[in-house]
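This report concerns only the one structure given below.
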Amino acid sequence: MEVGSTGGPVTGASVSVSVSGVMTETTPCSSTCLVDGGAGTYRLEVGAPGFQTARRTVIVPGNKPSGCDCGTAIVQHLDVALVPSR
């Protein structure tokens with residue numbers, strides 16, 4: 001999470017994650033957040049005290065390696081800049 005033009009970490013930031021309309025977790029973050037999960041559509045809300053909440057949708061594609069009954073997700077990277085509240 002970055003703020004304005006400074007690009008620095010935002011103290012107290014967190015990300016809330018929902019998949020298929022079901023909230024799965026809220027994770028505190030410093031400058032990087034990792035969200036575990038499989039393939040699917042994720043709705044993220046990133047916020048911190050004194051900042052506007054940023055909402056994003058991320059589609060995580062999956063693949064199924066040949067010879068394996070396991071599914072894997074392809075890691076997605078998302079940068080979010082938070083804007084101070086007015």
Side-chain angles (χ1 to χ4, degrees):
M1 268 57 61
E2 297 180 354
V3 55
S5 60
T6 66
V10 175
T11 302
S14 65
V15 61
S16 296
V17 181
S18 64
V19 180
S20 301
V22 177
M23 185 63 63
T24 60
E25 65 181 281
T26 298
T27 305
C29 303
S30 56
S31 61
T32 300
C33 292
L34 299 175
V35 177
D36 289 331
T41 300
Y42 291 77
R43 287 175 179 62
L44 309 171
E45 289 190 2
V46 181
F51 292 87
Q52 296 176 24
T53 299
R55 291 174 179 81
R56 303 288 188 274
T57 299
V58 177
I59 298 171
V60 177
N63 61 16
K64 195 170 189 176
S66 63
C68 178
D69 275 342
C70 56
T72 60
I74 298 171
V75 175
Q76 301 297 297
H77 178 86
L78 176 69
D79 289 320
V80 177
L82 295 178
V83 176
S85 298
R86 296 177 192 237

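All values reported here derive from a predicted model rather than from experimental measurement. This chain uses plain numbering: 1 for the first residue, then up along the sequence.
Among all heavy-atom pairs drawn from Pro49 and Thr11, the shortest one is CD-O, 4.4 Å.
With respect to Val80, the side-chain contact (heavy atoms from CB on, under 4.5 Å) criterion is satisfied by exactly one of Val46, Val10, Val15: Val46.
Side-chain contact check for Val83 versus Phe51: every heavy-atom pair is 4.5 Å or farther apart. Proximity of Pro61 to Gln76: side-chain heavy atoms (C-beta onward) are separated by under 4.5 Å at one or more points. Side chains of Val19 and Thr41 form no contact here, defined as non-hydrogen atoms less than 4.5 Å apart. Contact annotation: the side chain of Arg56 approaches that of Leu78 to within less than 4.5 Å [non-hydrogen atoms, C-beta and beyond].
Judged purely by distance below 3.5 Å, without hydrogens or angles, the side chains of Ser14 and Thr26 never pair a donor atom with an acceptor atom.
Expressed to the nearest 0.5 Å, how far OG1 of Thr53 lies from CG of Leu44 amounts to 12.5 Å. Here the straight-line distance linking atom OG1 of Thr57 with atom CZ of Arg43 works out to 5.0 Å at 0.5 Å rounding.
No more than 12 heavy atoms of other residues, nucleotides or ligands sit less than 6.0 Å from atom CD1 of Ile59.
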